[in-house]
Amino acid sequence: MSEHKIEEEQPCYILAIETSCDETAVAIVKDGHEVMSNLIASQIETHKAFGGVVPEVASRKHVENITLMLDEAVAASGITMSDLSAIAVTQGPGLVGALLVGVVAAKSLSVALAKPLIGTHHIAGHIYANRLVGEIHYPCMVLVVSGGHTELVYMKQEGQFEVIGRTRDDAVGEAYDKVARSLGFPYPGGPHVDKMALESEESIVLPRAWLEPGSYDFSFSGLKSAVLNVINQRKMRGDEMNPAAIARGFQESVVEVLVTKAIRAVKAYDVKQLLLCGGVAANRGLRAELSRQCDKEGIDLSIPPFDYCTDNAAMIGAAAYLKWREQYFTSLDMKADPQLSLEAWGSNSLD
């Protein structure tokens with residue numbers, strides 16, 4: 001914990017940096033929930049040629065973009081650098097080279113402005129994206145769905161994270177991208193699968209991976225293999241391929257398992273609210289079915305708008321505010337940590 005004197009009567013303006021994967025994002029967040037600016041430089045067009053994110057290319061693009069993004073985010077916020085209260089940055093998890101660009105930029109700003117540094121967990125950011133649109137009521141359950149993570153997280157109180165279920169193989173976003181490639185959809189494939197699934201009148205029935213009775217874990221590798229088997233069998237028989245029907249069958253399988261386990265966890269832990277977060281939270285099929293089931297069960301559901309589902313820096317500013325309020329700041333010897341634990345990162349907020 002580093003030493004910084006803070007004025008509690010003054011507004012807290014956190015400049016947040018997010019470079020964990022292929023978006024260079026900078027935001028200014030006031031008091032943990034009011035977004036003053038939130039800018040994102042996407043690299044989708046760059047990586048589309050490769051069919052996925054190339055870590056070295058992503059890092060180089062972050063280096064090219066970060067200085068301009070910092071200047072533009074501050075200018076768009078209506079405040080000055082001197083008004084900032086702290087500098088927050090995604091410490092992990094993520095691609096180590098990409099994380100390093102943000103970490104170095106954040107450390108440099110922290111030293112130059114004499115402002116405290118707050119290393120922040122990427123998934124905590126996704127979770128607290130919900131705070132940008134409303135109050136979070138504790139205890140709550142969180143369904144995290146992204147390209148690298150599929151987890152159920154129990155939060156007994158603010159800043160405390162207990163992972164009660166996680167994927168044993170592919171995260172749901174990875175499964176979407178792999179299935180999309182198999183169906184010939186361009187990168188990023190997830191939105192294309194979602195669109196085709198919602199438009200298709202036909203559905204190919206695919207298996208559901210429930211695992212052991214009572215388990216909150218997830219598995220999607222078998223479902224991915226089932227999709228490949230359907231595709232290969234139809235090719236061998238010379239049958240007409242209907243990618244939309246396969247997309248719908250795949251999405252129905254994924255959504256049913258995610259929604260069922262999330263609802264079961266809400267009931268088992270007797271929580272006040274269910275939060276959805278992560279890049280796959282932008283999936284319209286998942287949002288619609290989870291909303292329908294929560295309405296049916298009388299469960300309070302929070303889902304961020306699309307802009308706060310995918311990687312962005314405003315969510316990092318919201319999560320960093322937890323540390324600000326505890327006056328728990330990060331030393332300048334902080335390292336980018338691709339394996340950073342959510343539970344360990346949050347535990348300091350309970351001191």
Side-chain angles (χ1 to χ4, degrees), residues 21-22 44-55 57-58 93 95 143-152 165-213 215-262 278-290 309-310:
C21 191
D22 61 335
I44 286 178
E45 291 304 316
T46 299
H47 296 283
K48 187 177 288 185
F50 305 103
V53 177
V54 181
V57 174
L95 303 175
L143 176 59
V144 181
V145 282
S146 70
H149 298 265
T150 304
E151 297 169 344
L152 277 168
R166 52 169 52 88
T167 184
R168 298 182 183 179
D169 38 61
D170 289 344
V172 64
E174 292 174 311
Y176 265 91
D177 285 341
K178 290 175 181 178
V179 167
R181 282 197 294 272
S182 301
L183 294 174
F185 298 153
Y187 172 84
H192 294 282
V193 174
D194 184 29
K195 182 176 184 293
M196 296 294 280
L198 293 176
E199 292 176 353
S200 177
E201 295 183 1
E202 182 186 347
S203 176
I204 301 295
V205 177
L206 292 167
R208 274 69 167 152
W210 297 110
L211 303 177
E212 306 85 8
S215 173
Y216 293 116
D217 283 352
F218 302 95
S219 174
F220 297 106
S221 64
L223 175 60
K224 175 194 65 181
S225 298
V227 170
L228 291 174
N229 286 337
V230 169
I231 294 172
N232 291 334
Q233 288 172 7
R234 296 203 169 196
K235 285 181 178 178
M236 287 189 293
R237 293 197 300 261
D239 294 344
E240 183 180 353
M241 185 74 66
N242 185 348
I246 298 173
R248 179 173 171 179
F250 168 77
Q251 178 147 300
E252 287 176 343
S253 177
V254 169
V255 168
E256 182 179 346
V257 172
L258 290 173
V259 171
T260 301
K261 293 202 173 193
V280 184
N283 180 283
R284 291 174 296 166
L286 175 59
R287 292 167 79 98
E289 182 60 18
L290 192 59
C309 290
T310 53

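Not measured: the values here are computed from a predicted model.
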How close do [X] and [Y] get, heavy atom to heavy atom, and via which atoms?
X    : Y    : value
A175 : F220 : CB-CB, 3.9 Å
L286 : V280 : CD2-O, 3.9 Å
V193 : A180 : CG2-CB, 3.8 Å
G51  : R181 : O-NH1, 3.6 Å
A171 : S146 : CB-O, 3.7 Å
R287 : A281 : NH1-O, 2.8 Å

Is there side-chain contact between [X] and [Y], with at least one heavy-atom pair below 4.5 Å?
X    : Y    : value
M241 : K235 : yes
H149 : P93  : yes
F250 : I204 : no
T150 : V144 : no
T167 : S219 : no
R208 : E252 : yes
K261 : V257 : yes
W210 : T260 : yes

Residues in side-chain contact (heavy atoms from CB on, under 4.5 Å) contact with A244, at least two apart in sequence or another chain: M196, S200, N242
Atom pair CD1/CD1 of I231 and I246 - distance to nearest 0.5 Å: 5.0 Å
Value rounded to 0.5 Å, distance of CG in L206 from CD in Q251: 12.0 Å
N/O donor-acceptor pair under 3.5 Å between D22 side chain and A58 backbone: no
Donor-acceptor pair, side chain of D194 and main chain of N283, under 3.5 angstrom: no
Under 3.5 Å side-chain donor-acceptor pair for D239 and Q233: no
Criterion side-chain contact (heavy atoms from CB on, under 4.5 Å) on F218 and L258, from CA distance to verdict: CA-CA 8 Å; F218 302 95; L258 290 173; 3.7 Å; yes
side-chain contact (heavy atoms from CB on, under 4.5 Å) between Y187 and V53, intermediate numbers included: CA-CA 9 Å; Y187 172 84; V53 177; 3.2 Å; yes
Verdict with supporting geometry, K195 and R284, side-chain contact (heavy atoms from CB on, under 4.5 Å): CA-CA 8 Å; K195 182 176 184 293; R284 291 174 296 166; 3.8 Å; yes
Pair E174 + K178: basic N to acidic O under 4.0 Å: no
Salt bridge (Lys or Arg N to Asp or Glu O under 4.0 Å) pairs, two or more places apart, involving residues 217-231: R168-D217, D170-K224
